[in-house]
Structures are given as structure tokens and as C-alpha cells.
Amino acid sequence: MARTRGAIWAWLSPLLVAVSLLLLPAAMAGDSESPIKKVVVLVLENRSFDHILGWMKRSVNPAIDGLTGSECNRVSSGDPSSPPVCVTDDAHFVVSDPPHSFEAVQQQIFGSGAGAGEPSMSGFVQSATAVSPSLARGVMSGFPPEKLPVFAALARDFAVFDRWFSSMPGPTQPNRLFLFSATSAGATAHVKEELARGYPQRTIFDSLHADGLDFGVYAESLPCALFLRSLRRLRYAGKFHRFAAFKEHARRGRLRSLSVVEPRYFDIAGAPADDDHPSHDVANGQRLVKEVYEALRAGPQWNQTLLVVTYDEHGGFFDHVPTPATGVPSPDAARGPPPARFAFDRLGVRVPALMASPWIKKGTVVARANGPTASSEYEHSSIPATLKKLFNLSSPFLTRRDAWAGTFEHVVGELTSPRTDCIEVLPEVAPLRGTGAEEEAELSELQSELVQLAADLQGDEAVSRLVAESSGRMTVRQASEYVDDAMAGFLRAGREALRMGLEDSTEVDVWSGLASRTRFQ
Ligand SMILES: *[C@@H]1O[C@H](CO)[C@@H](O)[C@H](O)[C@H]1NC(C)=O
Ligand SMILES: *[C@@H]1O[C@H](CO)[C@@H](O)[C@H](O)[C@H]1NC(C)=O
Ligand SMILES: *[C@@H]1O[C@H](CO)[C@@H](O)[C@H](O)[C@H]1NC(C)=O
């Protein structure tokens with residue numbers, strides 16, 4: 001059957017080329033048509049705007065709303081006699097993971113645990129000190145631009161968004177869910193069982209698919225995108241690829257409308273984590289961004305491409321911009337768990353956001369969103385909102401949140417032709433960490449969630465139970481191998497689904513559908 005389809009295609013494609021050539025002048029004349037046909041999204045882990053880009057105000061671009069050096073928090077936030085800890089420009093690779101649960105972030109934003117009043121951004125030091133006094137300086141530290149040369153180069157050549165917030169004031173997974181579905185379906189924390197089951201909401205991938213547009217998810221190992229149940233459907237099995245395939249697709253001009261690149265979350269000798277999560281070396285995250293950019297820049301689709309790089313949430317690091325707390329719509333009827341019963345009616349802390357495209361003017365700084373409502377802001381739901389606009393998607397908005405979020409298509413809307421002077425090779429990045437990977441370390445929450453996902457993917461109840469009971473029983477090395485195997489099985493299953501022509505035909509997910517047939521060997 002695949003053969004027949006191939007033959008028809010071979011016969012049809014010259015015809016389609018001829019037809020599209022006829023239509024070309026009309027398309028070029030339409031002024032509402034965006035030049036961007038390929039969007040690439042890369043989201044790193046757990047760092048605030050000021051921590052990463054704050055000091056770029058000093059030496060890269062004074063228009064950036066960054067740090068001046070006079071931003072401080074007091075050890076005891078409500079007490080004017082308590083000693084201040086001020087921002088420094090000496091961030092280095094190693095800070096143990098600062099607190100950033102929903103409750104901790106509430107204290108960081110409001111200076112108290114009450115979660116009421118005006119956001120004062122005064123409780124970061126207090127929240128860190130509660131964990132360990134030595135963390136206080138760490139959360140107030142920012143990187144000097146020369147330590148992040150890839151970001152400094154992108155900021156000089158393209159655009160920094162200096163008012164882009166995480167979607168909710170809490171940890172990784174709820175924010176990652178917002179990226180592609182504009183809601184976390186009520187999650188304010190990491191709920192392992194829910195993640196393993198997969199969150200049920202509609203996603204931007206479904207909206208693209210409904211209009212016949214394609215996407216790809218590229219990851220060296222299992223991607224967090226699979227925590228969205230919709231992406232586990234058999235019909236999407238062929239959309240997942242290794243990172244090497246990203247470079248290959250970019251080189252051959254095969255990138256889809258949306259490409260999602262996920263970093264490596266496990267730190268192994270020879271395969272270092274490049275997600276920027278403390279204490280992983282940010283030099284590796286810089287190298288990942290460099291590889292992604294250079295692959296796009298050298299590829300034949302560069303003139304139609306927009307690269308978006310941001311961070312899921314602020315990871316407990318200080319930021320001075322008050323998080324928007326009024327006029328933010330709840331995405332849907334879902335509420336957080338008691339006692340807070342959070343209504344998702346304020347945003348999280350500001351995070352770094354950079355964009356690159358030959359259609360962006362050099363040295364652009366984008367501040368506040370301009371509509372669609374008076375209170376609109378840039379946050380992760382701006383990604384699905386902008387995709388809907390760029391690609392004129394016929395599906396409705398995913399939630400009330402992406403209907404409200406600022407869209408950024410204007411950042412590629414000002415030039416009349418693509419720039420030809422865009423930087424081709426980004427700077428080399430020296431390692432910041434002098435020690436090797438801690439392969440024997442205990443798993444982080446995110447790592448143990450990926451192990452659980454891998455266990456479910458393979459129907460491995462024994463490991464699933466083990467992980468549900470405790471995350472400390474596997475080392476990072478063991479977990480990494482286990483998750484990599486599951487990824488290999490998942491990709492095999494995807495190829496098998498394509499071979500069997502199942503991908504168009506079914507709503508069933510890979511678990512119940514293909515797993516039983518291919519057994520993931
Ligand atoms: C980032 O923080 C979350 C909590 O928000 C944590 O569970 C996760 O493990 C961290 N990321 C990584 C890669 O460890
Ligand atoms: C992109 O457009 C510029 C200007 O029109 C052109 O010089 C360049 O060759 C194009 N690059 C690619 C990869 O098509
Ligand atoms: C967007 O799609 C609608 C149909 O959903 C169509 O009527 C309209 O012309 C399209 N706009 C553009 C700019 O293509």
C-alpha cells in the first residue's frame with residue numbers, strides 16, 4: 001500500500017509543483033502572509049531572566065530590562081533591619097537546586113507565604129535561606145555575558161524578549177504543559193501518576209494536524225512532551241526523532257511546520273546533560289543552542305525559519321520584574337489542589353526568551369506584549385497563540401489563556417526581505433564545571449518521572465512500582481540507560497506503525513495499540 005502511495009505521489013508531484021508555481025505570484029502579493037513557515041522551539045530548564053540575561057543590559061544592549069547592581073532582597077523579607085543580599089555577576093555552574101515549588105514561588109514573589117498583595121519580588125533570599133544559608137548568594141547571582149557567549153551573540157544579532165513569564169508560579173511540569181496546551185489542567189506540582197498517565201488536554205499539535213500541518217519532536221532520550229497524552233496516539237508515532245535527525249532534517253530542508261527540540265536531562269560521562277538545570281554545566285546548554293542555530297542557519301529552510309529559545313520556569317533564581325497578578329485569565333475551569341485551590345489567574349516569574357530569524361532586525365528588544373487585550377503578556381501560551389496566527393489554524397484557541405497571551409509574529413514582520421548578514425558560526429563555549437558527571441547521584445524529580453514514563457511505555461510494572469515508591473533506588477547512570485532503551489523502543493514502534501500504515505487510522509495510544517503488537521522487544 002505504501003508502494004502504491006509512493007507511485008501516485010511520484011506521478012502527482014510534478015503536477016503539484018506546476019500548480020504551486022502558477023499560484024506563487026498570488027501568494028507573494030498577499031501582505032498578510034508571513035514569511036515564516038518553520039518554527040523551532042527549544043526550552044531549557046529552571047533559570048530566571050535576570051540570572052541568565054540580566055547582566056546583558058550592561059554590555060550587550062542597554063535597552064534590555066536587566067540588572068543595575070542595586071537589586072537586593074533581605075534575609076528576612078519583611079524586616080527592614082535584616083541584612084540585604086544583592087545581585088552579583090559571578091554566577092557559576094554550581095548551585096544546588098533552589099526551591100521553586102508553588103508555595104516557595106509564592107514566597108519569592110510576595111515576600112510572604114500569603115500569596116496576596118502586590119508582587120514585590122522580595123522573598124528569594126528568604127526562601128533560599130530556609131533550605132540552606134549558602135544558597136542565598138546563589139539565587140541572587142547572574143551570569144556575566146562572557147560566560148554565556150552563545151546567548152550574548154544571539155542577543156546582539158537577533159531579539160531578546162524581556163517581558164516573557166512562565167505561565168504559572170510553580171515548577172517544571174505544569175509550565176511545560178502550558179507550552180503546547182495553554183493549561184496544566186489543574187496541576188501546580190509534579191503529580192507522578194498523572195504524568196505517567198498523560199495529561200488529557202487538546203494540544204497545539206492536534207491543531208496543526210487538523211489542518212494537515214506536520215511537526216517533529218526531537219530528543220536524545222524520552223521527551224517531556226510525552227507527558228501530554230495526545231502525543232502518545234498511534235497517529236503521531238512517526239513524529240518522534242533523535243536529536244541527530246534534527247540536524248539531518250535541517251540540512252536537507254525537511255523540517256516540519258513545528259519542531260520541538262528537547263535537551264538531555266541526564267548527566268552522563270560522554271553524554272552530558274544540556275538542559276541547564278543546576279548543577280548541570282550551562283556550557284552544555286550553550287552548545288546545544290549553538291548546534292541547533294548553526295544547523296538552521298546553514299540549511300536551505302533558513303529564510304522561512306523562526307527559532308524560539310526559552311526556559312520553562314525560573315528555578316528559584318531571583319528576578320526583579322514583578323510577575324503580573326491581575327487581568328490574567330484562568331485557562332479553564334481546572335483549579336489547583338487544596339488548600340490554595342490556585343485559579344491560574346497570575347503568571348510565574350520572568351524567564352529568558354530569545355528569538356532568531358533572518359527576518360528579525362539586529363539588536364531587537366521586545367518588551368510588553370501589544371494586545372490582544374489590555375492586560376495581555378508574553379508567556380508560554382504565546383507559543384500556541386502565535387502558531388495559530390502564523391499558520392492561520394482553523395481549530396479554536398486551546399484555552400482562554402492562549403486566546404489572551406501576546407503573539408510575537410510582528411518580530412518577523414518588519415523587514416521586507418530576509419537579512420543576509422546573520423551570524424553563521426556562534427562562539428565556542430568553554431566548560432564552566434571542572435568536575436565530571438555525577439553518575440551515581442540520586443534522581444531528580446524530573447528524572448524519576450521520565451523513568452516512570454519509560455516503565456509505562458514498556459509495560460514494565462516492576463520498575464513502575466519501584467519508582468512510585470521511591471526515586472532513590474536508581475542512579476543517574478542506570479536511569480539514563482533505562483530511559484534511553486525505552487526511547488529506542490518507542491522509536492522502533494513508531495517506524496513499525498508507519499510501516500503498517502496505522503498512523504492515520506487510529507486514536508488509540510501507543511501503549512494499548514502498538515505495544516501489544518511489537519512488544520518493544
Ligand atoms: C527543575 O525543577 C523541577 C521542579 O520544578 C524539578 O522537578 C526538576 O527535576 C528540575 N529539572 C531537572 C532537569 O532536574
Ligand atoms: C535567503 O535569502 C537571501 C536574500 O534573498 C538569499 O541571498 C539567500 O541565498 C537565501 N538563503 C537560502 C538558504 O535560501
Ligand atoms: C485563514 O483561514 C480562513 C478559513 O479558516 C480563511 O477564510 C482566510 O482567508 C485565511 N486567511 C489567510 C490570510 O490565509
Side-chain angles (χ1 to χ4, degrees), residues 16-17 19-40 42 153-154 156-159 182 202-216 218 245-259 261 289-308 355-364 370-372 382-399 402-426:
L16 288 180
V17 170
V19 170
S20 51
L21 283 178
L22 283 176
L23 293 177
L24 203 57
M28 282 164 71
D31 53 5
S32 56
E33 183 90 355
S34 168
I36 300 301
K37 305 291 174 220
K38 313 290 163 193
V39 176
V40 179
L42 169 58
L154 292 179
R156 284 196 182 93
D157 221 30
F158 301 104
R202 202 156 56 84
T203 69
I204 193 65
F205 304 104
D206 304 318
S207 304
L208 289 165
H209 185 80
D211 285 356
L213 296 173
D214 206 355
F215 63 88
Y218 301 86
F246 174 77
K247 294 207 262 185
E248 179 64 10
H249 289 171
R251 192 174 66 76
R252 293 172 50 203
R254 299 266 311 277
L255 291 174
R256 324 301 207 265
S257 304
L258 171 63
S259 302
V261 179
V289 176
K290 174 178 159 72
E291 275 187 71
V292 167
Y293 173 82
E294 288 173 2
L296 296 171
R297 175 69 182 92
Q301 293 168 314
W302 171 242
N303 282 340
Q304 338 170 354
T305 299
L306 172 62
L307 169 64
V308 180
M355 294 193 196
S357 167
W359 294 91
I360 296 178
K361 285 188 188 158
K362 233 176 165 53
T364 297
N370 179 21
S382 295
I383 292 175
T386 304
L387 288 169
K388 177 166 163 61
K389 205 158 177 180
L390 271 180
F391 297 136
N392 193 27
L393 299 179
S394 59
S395 301
F397 283 109
L398 299 167
T399 69
D402 58 330
W404 166 88
T407 59
F408 50 82
E409 72 290 346
H410 57 79
V411 76
V412 287
E414 287 184 25
L415 299 178
T416 51
S417 62
R419 281 170 49 195
T420 54
D421 64 345
C422 304
I423 188 166
E424 288 176 36
V425 179
L426 292 170

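Remember, it's 1-based here, ligands and their atoms both numbered in the order they're listed.
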So which residues, sorted by chain and number, lie with a heavy atom under 4.0 Å of ligand 2?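 Within the 4.0 Å shell of ligand 2, which is judged on heavy atoms, sit Gly299, Pro300, Asn303, Pro418, Thr420.
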
Give a yes or no on whether a salt bridge exists between Arg251 and Glu248, defined as a side-chain N under 4.0 angstrom from a carboxylate O. yes

For the residue pair Phe205 and Phe215, does the interplanar ring angle fall in the parallel (under 30°), tilted (30 to 60°) or perpendicular (over 60°) class?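 If you compare the ring of Phe205 with that of Phe215, the planes turn out tilted.
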
Note, Ser395 side chain near Asp206 side chain (heavy atom, < 4.5 Å): no

Look up atom CG in Leu426 and atom CD in Glu291, then write down how far apart they are to the nearest 0.5 Å. 11.5 Å

Residues two or more places apart in sequence or in another chain: which of them pass side-chain contact (heavy atoms from CB on, under 4.5 Å) with Phe391? Val39, Leu208, Leu213, Ser257, Leu387, Leu393

Show your working on ring-ring contact (aromatic ring centres under 6.0 Å, His included) between Tyr293 and Trp302 and close with a plain yes or no. CA-CA 10 Å; Tyr293 173 82; Trp302 171 242; 5.5 Å; yes

For ligand 3, is there an N or O atom under 3.5 Å from any N or O atom of Ser394?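 No, there is no polar N/O contact under 3.5 Å.
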
